[in-house]
Amino acid sequence: MKPGMVPPPPGEESQTVVLPPGWQSYLSPQGRRYYVNTTTNETTWERPSSSPGIPASPGLLRSSLPPTVNGYHASGTPAHPPETAHMSVRKSAGDTQNLGSSSPGKKHSKENTITINCVTFPHPDTMPEQQLLKPTEWSYCDYFWADKKDPQGNGTVAGFELLLQKQLKGKQMQKEMSEFIRERIKIEEDYAKNLAKLSQNSLAAQEEGSLGEAWAQVKKSLADEAEVHLKFSAKLHSEVEKPLMNFRENFKKDMKKCDHHIADLRKQLASRYAAVEKARKALTERQRDLEMKTQQLEIKLSNKTEEDIKKARRKSTQAGDDLMRCVDLYNQAQSKWFEEMVTTTLELERLEVERVEMIRQHLCQYTQLRHETDMFNQSTVEPVDQLLRKVDPAKDRELWVREHKTGNIRPVDMEI
């Protein structure tokens, strides 16, 4: 379905019939019912059939255009009827043509449309509440068509630019998270190094008996704990920090390409809009010239005046054709811009969901590694606990006495 074409009337079948899975029913601003496949974004004026290959209402045309977005289909086709749609086929070169008029000789009311950055939108006051592409979600594709005032200046920021800024900010946050994990790794490595060094300390090395064994195990547990923390830091690097750092390495470059692509479409749209305005002015001048020569003919009939009128009529016709061509080019550019905006914003939305999910998974891996590390640390002190429970001062004293005794004969008292 092209801009300016009249959509077929809706079917007369009962609206209470259950729709096939994935289909939803909506009313256009003019009260016509149409159907949207929320999975494929296909729209149709005919009621979809629950049986494949059997149309529910024969004779009606199906459109592959997606649902309306702010008054337009995603392909750029206006969702409103031809009276408020873009310019359709011009019948006569002498008819006044306006961007936004649908039929010859009928001027489109300026109050019914609003132009933002060379893009014509239905005026909010003249349109009922519009159907969103994703009515149950706060989707990017529905809420970033207009510009927003820049809070840091007097200019404006395009809605698409805001989406790009969010994507780049997300990439920066991801990088900073990676740097945070790197600092955590450094702490673990320093801690492990200090533990290993402390385990080699000779303090209290001469403690004997069962207590000496327990003390030696305490020092060994430090070396075991150091090994646990070294393994923890290595896994943090390979399973958390590195994936966060390397995820979408060329993301910024890809976003710039995307930005340039949309910006080029906007520039093309502005250029086509300027061409339409220029062609409209040219047609107005040609029509004025034709009217003036026609008035001259009424005053004074002459062959020269008739020839001038024919020449002026040819020029007016040519100007009308030029205006029609410019309007067609403008509509094509606007349709392309709408298509790319919907496609690209949905892709940016998907990328953001993917980024958040990726970070969530790697942070879950971080917590899992922490739990494992705590468990391994606990296992290093279990032998210490076992030896401490076996400390026996009496047994230690017996062993020490047996090893170091000097004799068991006590001195006797002397007699005079």
Should D328 and M324 count as side-chain neighbours, where that means a heavy-atom distance under 4.5 Å? yes
Please test I187 against E183 for side chain to side chain contact (heavy atoms under 4.5 Å, CB included), starting from the C-alpha separation and ending with a verdict. CA-CA 6 Å; I187 291 173; E183 290 297 318; 5.5 Å; no
Please tell me if the side chains of F247 and K175 come closer than 4.5 Å, counting only heavy atoms from C-beta onward. no
Mind listing the closest non-hydrogen atom pair of P243 and S238 along with its distance? CD-O, 3.5 Å
Can E291 and Q287 be counted as having a side-chain donor-acceptor contact under 3.5 angstrom? no
About how many Å separate CG of D322 and CZ of R286, when rounded to the nearest 0.5 Å? 9.5 Å
Tell me the closest heavy-atom pair linking L222 and S199, and the distance in Å. CB-CB, 3.9 Å
Should K293 and D289 be marked as a salt bridge (Lys or Arg N to Asp or Glu O under 4.0 Å) after you check the CA-CA gap, both sets of side-chain angles, and the distance that decides it? CA-CA 6 Å; K293 286 181 169 53; D289 182 58; 2.8 Å; yes
Could you tell me which non-hydrogen atom of A158 sits nearest to which non-hydrogen atom of D147, and how far apart they are? CA-OD1, 3.2 Å
Do S178 side-chain atoms and Q174 backbone N/O form a donor-acceptor pair below 3.5 Å? no
Run the side chain to side chain contact (heavy atoms under 4.5 Å, CB included) test on F160 and F144 for me, step by step, so that the C-alpha distance in whole Å, both residues' side-chain angles and the decisive distance to 0.1 Å come before the verdict. CA-CA 6 Å; F160 185 76; F144 291 91; over 6 Å; no
Determine whether the aromatic ring centres of residues F338 and W145 are separated by less than 6.0 angstrom. yes
Please test L351 against F251 for side chain to side chain contact (heavy atoms under 4.5 Å, CB included), starting from the C-alpha separation and ending with a verdict. CA-CA 10 Å; L351 290 175; F251 185 72; 4.1 Å; yes
Note: R350-E347 ion pair, threshold 4.0 Å (strictly below): yes
According to the interplanar angle, ranging from 0 to 90°, do the rings of W400 and H404 count as parallel (below 30°), tilted (30 to 60°) or perpendicular (above 60°)? parallel
In this structure, are over 12 heavy atoms from other groups packed under 6.0 Å from Q206 atom CD? no
Identify whether the distance between the nearest side-chain nitrogen and carboxylate oxygen of E189 and K186 falls below 4.0 Å. no
Would you check if H261 and E340 make a side-chain contact, meaning some heavy-atom pair closer than 4.5 Å? yes
Judged by atom type as modelled, is there a donor-acceptor pair below 3.5 Å linking the side chain of S335 to the main-chain atoms of N331? no
Criterion salt bridge (Lys or Arg N to Asp or Glu O under 4.0 Å) on E277 and R280, from CA distance to verdict: CA-CA 5 Å; E277 293 300 310; R280 180 186 288 113; 2.6 Å; yes
Do R184 and E188 sit within salt-bridge range, that is, some charged N less than 4.0 Å from a carboxylate O? yes
Is K219 reaching over with its side chain to a backbone N or O of N201, donor-acceptor style, under 3.5 angstrom? yes
Could you tell me the separation between the CG atom of D259 and the CG atom of L164, rounded to the nearest 0.5 Å? 5.0 Å
Do E225 and N377 come close enough that some side-chain heavy atom pair is under 4.5 Å? yes
Search all heavy atoms of L195 against all heavy atoms of A226 and return the closest pair with its distance. CB-CB, 3.8 Å
Under 3.5 Å donor-acceptor, K171 side chain and R248 backbone: yes
Taking all heavy atoms of S25 and all of L19, pick out the closest pair and write down the distance. N-CD1, 3.8 Å
Is there a side-chain contact between L346 and V342, using heavy atoms and a 4.5 Å cut-off? yes
Side chain to side chain, L283 and S316, heavy atoms closer than 4.5 Å: yes
When rounded to the nearest 0.5 Å, the distance separating CD of Q217 from CD of Q386 is 8.5 Å
Say whether, by atom type as modelled, one donor and one acceptor occur between the side chain of D396 and the main chain of G209 under 3.5 angstrom. no
Quick one: CG on L269 to CH2 on W337, what's the gap to the nearest 0.5 Å? 7.0 Å
Under the salt bridge (charged side-chain N to carboxylate O under 4.0 Å, His left out) rule, what pairs show up with a residue in residues 199-215, not counting sequence neighbours? none
For residues 374-385, pull every pair meeting salt bridge (charged side-chain N to carboxylate O under 4.0 Å, His left out), keeping only residues two or more places apart or in separate chains. R370-D374
Closer than 3.5 angstrom, by distance alone: can the side chain of D142 be matched with the main-chain N or O of K134 as a donor-acceptor pair? yes
Kindly say whether L329 contributes a backbone atom to a donor-acceptor pair with the side chain of R272 at under 3.5 angstrom? yes
Taking T345 for the side chain and M341 for the main chain, is one N or O donor matched with an acceptor at less than 3.5 Å? yes
Decide yes or no for K278 and K281: does some side-chain heavy atom of the first lie under 4.5 Å from some side-chain heavy atom of the second? no
Between the CG atom in D190 and the CD1 atom in I185, the distance rounded to the nearest 0.5 Å is 12.0 Å
CG-OG1 distance between L323 and T284, expressed to the nearest 0.5 angstrom: 8.5 Å
Restricting to non-hydrogen atoms, name the atom on P48 and the atom on W23 that form the minimum distance, rounded to 0.1 Å. CG-CD2, 3.5 Å
Check whether the side chains of E176 and Q172 place a donor and an acceptor atom closer than 3.5 Å, and report yes or no. yes
Residues E285 and R288 bridged, charged N to O under 4.0 Å: no
Kindly indicate, with the supporting measurements, whether the criterion side chain to side chain contact (heavy atoms under 4.5 Å, CB included) is fulfilled by E349 and E137. CA-CA 11 Å; E349 185 175 297; E137 305 175 29; 4.1 Å; yes
Can you tell if the side chain of L244 reaches within under 4.5 Å of the side chain of M358, non-hydrogen atoms only? yes
